[in-house]
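These notes concern the structure reproduced below.
Convention: sequence-line order gives letters A, B, ...; per-chain numbering from 1.
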Number of protein chains: 4
Amino acid sequence: MPVSPRRADTRRNRERILVAASESLKRTGVVSYNAIAKRAEVGVGTVYRHFPAPEDLILAVYDREVQHLVEVVPSLLARHSPEEAFRTWVVGHLAHYMMTKRGLSAALRAGDLPKYTSMLDALDALRQANVDAGTIRPDLTTETLMRSLGGLFFLTEDRWQAEAEALVDLVWRGVHDSR
Amino acid sequence: MPVSPRRADTRRNRERILVAASESLKRTGVVSYNAIAKRAEVGVGTVYRHFPAPEDLILAVYDREVQHLVEVVPSLLARHSPEEAFRTWVVGHLAHYMMTKRGLSAALRAGDLPKYTSMLDALDALRQANVDAGTIRPDLTTETLMRSLGGLFFLTEDRWQAEAEALVDLVWRGVHDSR
Amino acid sequence: MPVSPRRADTRRNRERILVAASESLKRTGVVSYNAIAKRAEVGVGTVYRHFPAPEDLILAVYDREVQHLVEVVPSLLARHSPEEAFRTWVVGHLAHYMMTKRGLSAALRAGDLPKYTSMLDALDALRQANVDAGTIRPDLTTETLMRSLGGLFFLTEDRWQAEAEALVDLVWRGVHDSR
Amino acid sequence: MPVSPRRADTRRNRERILVAASESLKRTGVVSYNAIAKRAEVGVGTVYRHFPAPEDLILAVYDREVQHLVEVVPSLLARHSPEEAFRTWVVGHLAHYMMTKRGLSAALRAGDLPKYTSMLDALDALRQANVDAGTIRPDLTTETLMRSLGGLFFLTEDRWQAEAEALVDLVWRGVHDSR
DNA sequence: GATGAATGAGGATTCATTCAT
DNA sequence: CATGAATGAATCCTCATTCAT
């Protein structure tokens, strides 16, 4: 890389690295510091400076990617019934996310799912709205609900939509308050 | 015509390799031909002869490990009600299996879940028994059912039993035939 | 005219760097500008400003560490006979120094021993006192004497004292003026 | 590297690696697996196979290089008086060896000198011959004697011969049996 | 003067894969 | 069939060094 302003775009670098890492993860399910550095057009050392451990990098990517999932919730709740909001979120957003982020899931060494707090927060908001509306049983951990959706990681490339709908149907019956 | 000693050796080798690979997978979630060869006290070439591609090896390990899961089903169905058989299988056998085989799941690059045909067969037997008994809705793919249990991969080390039970409760409500 | 705070900071920095470098050297036998900067809580650039080349840094550390070795000589000569002063200095001070500064010796790429002028000065003072007292032969380079003690770098961790004494006995016989 | 007989020259490889390592050590005082592999025209992996740890490599080089030092002793004792044999060995062989093997000494983390058993054996043969001849005191460890020669590592490039002679003079007086 | 971000060369180490024996 | 030596690409990571602020 030839001469170029350095200090100026430290933040820019962070972003470039995250983008590169995200694509690597999507594509290969694996993060190689060297590969990321190359793709981000940055020295390896820079990647290390920003993200000393692979975990740091993966979690940063996760946070960045999951952002949208979290942000979309309020608008869904505003425009749909609680049930519709839940179904739409799962099928229209979460499913697609998990489909394409399989790499992420593997990289994050399964079992850390509960740590995905922002995603859990999003799901919890939907759950609560439904509990308030009397459409989801009040006894039910958000974690359990999340886990019932864990199968979304194993969707098929070409039929994912139908599969996600089938799963959400099953889950909805499982959580629906039928009093 | 006696079995040639050659052949005996060969079979023994295959077994040793599978054992070694299985432990590697359990421990590190990764399989290295070289490491497996060393652990199995076999030349690398031998591993290649038996399992030309990594996938072959992983699937063979999987088959070997899943065997028990499949074999236990008939006895469960014989000794329990269909519902009990299902719950017991999931919590008592499948959950533990998925808990400890996370490495396997990662290695098998998610999305291959449907290929786990023998496991699907086992689950299907349980499903069918419940459909016959009128306890599970007849409309319901085995795949969908399997997917609803996908969260078992994300069980917590120390509370896995309670978590598995919570999940199976949710799922049971979701699949139960309440006509 | 008060000392400018700038200047005070600068001196402080130099000292912090030397302390950090000294510990690095003692521990790992290696000096990394980056590591030293971090340990000294100083920017890398600052280390470079003070010590442009690694050699500068190492020699500065050496000088700092060897100080005590030099300073102790007069008092030894004042309180002991020349022979005793020599033996005590070698066994009680030099040996311990070389024991613990092996890192330094390696870093200073052997062959630079003659450059250790302040140490040579110290040794020379002892030699001269003995020559004056007629206890050491007058023909004898300080360098040669120093070299005869070079084995102190190879003392054993747990028996160093006995070993140093055995060496100094040998050397004393070798330099003693037995006319 | 193009096609070439493999298995055939495993031993040849070992030799090439040792030669390369020896030169690296001589030149830079450092052993880099990569550099050695390149110089030996061998894959890095091959170097690792032959010498799993750097220590293994260094010791092998040492053994190889020290061979001559050991082998020459009998002939020296046959052709010279014990005293002459000792002096010749030290000045004519050991000094030159230590001069050029400084890298080795640093690499072998000082303090391991006593491990150089074959060199100690050589020195011991010379010592014993002198003891038998009544020219060296019988009380005197070979280790101590070795240590008194430790300064040979710090010889000057251009005056090494004179320096070595001065040292051996000093040492000889120190060990000579003057009864 | 001080700081610390960025760079990238370089050294360690592992592994898939081939192939002579 | 089995063995295991050899290869070298690929990863990891650390550092020396520069230079914008």
Side-chain angles (χ1 to χ4, degrees), chain A residues 1-14 17 30-38 40-50 52-54, chain B residues 4-7 9-10 12-14 30-38 40-50 52-54, chain C residues 4-7 9-10 12-14 30-38 41-50 52-54, chain D residues 1-14 17 24 30-38 40-50 52-54:
Chain A
M1 211 169 312
V3 272
S4 74
R6 224 86 58 93
R7 202 59 154 286
D9 42 13
T10 296
R11 202 164 303 160
R12 189 66 120 233
N13 272 345
R14 201 190 132 90
I17 292 169
V30 137
V31 275
S32 148
Y33 272 80
N34 280 346
I36 288 171
K38 192 162 294 174
E41 296 182 293
V42 147
V44 223
T46 305
V47 185
Y48 274 94
R49 174 173 290 274
H50 282 282
Chain B
S4 97
R6 267 302 194 199
R7 195 56 173 285
D9 263 32
T10 299
R12 203 185 224 47
N13 273 346
R14 199 189 134 91
V30 138
V31 274
S32 144
Y33 272 82
N34 287 271
I36 288 171
K38 188 164 294 174
E41 296 180 297
V42 148
V44 224
T46 306
V47 184
Y48 271 92
R49 172 168 300 275
H50 284 282
Chain C
S4 95
R6 267 302 194 199
R7 195 54 175 286
D9 262 32
T10 299
R12 200 184 225 49
N13 273 345
R14 201 190 132 91
V30 137
V31 274
S32 145
Y33 272 82
N34 288 271
I36 289 170
K38 189 165 293 175
E41 294 180 298
V42 149
V44 224
T46 306
V47 184
Y48 271 92
R49 173 169 298 274
H50 283 283
Chain D
M1 207 170 317
V3 274
S4 75
R6 223 89 55 96
R7 201 63 153 285
D9 42 13
T10 295
R11 202 164 302 163
R12 189 64 121 236
N13 272 345
R14 199 190 133 91
I17 291 168
S24 269
V30 136
V31 273
S32 148
Y33 272 81
N34 285 280
I36 289 170
K38 192 163 295 176
E41 295 180 295
V42 146
V44 222
T46 305
V47 184
Y48 274 93
R49 173 173 291 273
H50 282 282

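Residues B:Asn34 and B:Lys38 form no side-chain contact, since every pair of their non-hydrogen atoms from C-beta on lies 4.5 Å or further apart. D:His50 is not listed as a side-chain neighbour of D:Val42, based on a closest heavy-atom distance of 4.5 Å or more.
Checking the phosphate oxygens (OP1, OP2) of E:dG1, no side-chain nitrogen or oxygen of C:His50 falls inside 4.0 Å. Listed pair B:Asn13 / F:dC1 fails the phosphate criterion, with no side-chain N or O lying under 4.0 Å from OP1 or OP2. One finds a side-chain N or O of B:Thr10 lying less than 4.0 angstrom from the OP1 or OP2 phosphate oxygen of F:dA2.
Between D:Val47 and C:Ala53, the one whose closest nucleotide on DNA chain F sits nearer the 5' end is D:Val47.
The minimum heavy-atom distance between D:Ser24 and D:Ile36, with the atom names listed, is OG-CG1, 4.1 Å.
For DNA chain E, the stems formed by at least three consecutive Watson-Crick or G-U pairs, with both atom-pair distances below 3.5 Å, span E:2-21 with F:2-21.
Remark: A:Glu41 CD to A:Ile17 CD1 distance equals 12.0 Å, nearest 0.5 Å.
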**Q.** Summary of protein contacts for nucleotides 11-16 of chain F, nucleotide by nucleotide, where a base hit scores B, a sugar-phosphate-only hit scores S (4.0 Å, heavy atoms)
**A.** BBBBSB

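The separation between C:Arg49 atom CZ and F:dC19 atom P is 14 Å, rounded to whole Å. Spacing between atom CD of D:Glu41 and atom P of F:dG8 amounts to 11 Å, rounded to whole angstrom units.
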